[in-house]
Amino acid sequence: STGADFSDFGAPPLKRVPKPYAPEHPHGELLKRKSLTITAPLPTNWQNDGLVPSILTVAKALEPVRAWLADG
């Protein structure tokens, strides 16, 4: 687990799931968003490992989310 969280950011979400997706789509709440922010904490040892390597570690852990959004 990355400890990542989706954040409310930007414009209010759509009232309905957009077409071509079904209203009961399992990711309907995410599909209604006009923007999306994902936040994740840095590893506790980031100061020892360095900021950039630690950010890259978090980014790699979140890669499945990026891939899912890109394939959507």
Side-chain angles (χ1 to χ4, degrees):
S1 173
T2 64
D5 196 17
F6 291 106
S7 300
D8 290 327
F9 180 78
L14 300 170
K15 294 182 190 231
R16 292 183 282 283
V17 175
K19 293 183 179 184
Y21 303 102
E24 62 279 348
H25 191 283
H27 300 295
E29 291 305 310
L30 289 175
L31 291 167
K32 290 191 286 185
R33 292 178 182 243
K34 295 180 182 179
S35 61
L36 184 67
T37 301
I38 301 173
T39 59
L42 287 172
T44 55
N45 60 342
W46 75 267
Q47 291 176 322
N48 295 334
D49 294 343
L51 183 59
V52 172
S54 296
I55 290 171
L56 290 173
T57 297
V58 172
K60 286 178 187 174
L62 295 174
E63 172 57 22
V65 176
R66 191 219 52 84
W68 174 74
L69 291 170
D71 291 342

ask   = If we only count heavy atoms from C-beta on, is the Val58 to Trp46 side-chain gap below 4.5 Å?
value =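 They are not in contact (no side-chain heavy atoms under 4.5 Å apart), so the answer is no.
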If you compare all heavy atoms of [X] against all heavy atoms of [Y], which two are closest, and at what distance to 0.1 Å?
| X | Y | answer |
| --- | --- | --- |
| Pro23 | Val17 | O-CG2, 3.6 Å |
| Glu29 | Lys32 | OE2-NZ, 3.0 Å |
| Leu31 | Leu14 | O-CD1, 4.4 Å |
| Gly3 | Pro41 | O-CD, 3.5 Å |
| Gly10 | Ser35 | CA-OG, 3.7 Å |

request  = Calculate, to the nearest 0.5 Å, the distance between atoms OG and CG belonging to Ser54 and Asp49 respectively.
outcome  =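 Reported to 0.5 Å precision, the distance equals 5.0 Å.
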ask   = Do the side chains of Leu62 and Leu36 join up, straight or via other hydrophobic residues, at under 4.5 Å, putting them in one cluster?
value =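 Yes, one cluster joins them.
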query = According to a 4.5 Å side-chain heavy-atom criterion applied to Ile, Leu, Val, Met, Phe, Trp and Tyr, with indirect links allowed, do Ile55 and Ile38 form part of one hydrophobic cluster?
reply =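 Different clusters.
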ask   = Are any of the side-chain nitrogens in Lys60 or Glu63 under 4.0 Å away from the carboxylate oxygens of its partner?
value =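 Salt bridge absent between Lys60 and Glu63.
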request  = Quick one: sort the His27 and His25 rings into parallel, tilted or perpendicular, breaks at 30° and 60°.
outcome  =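 Ring orientation of His27 relative to His25: tilted.
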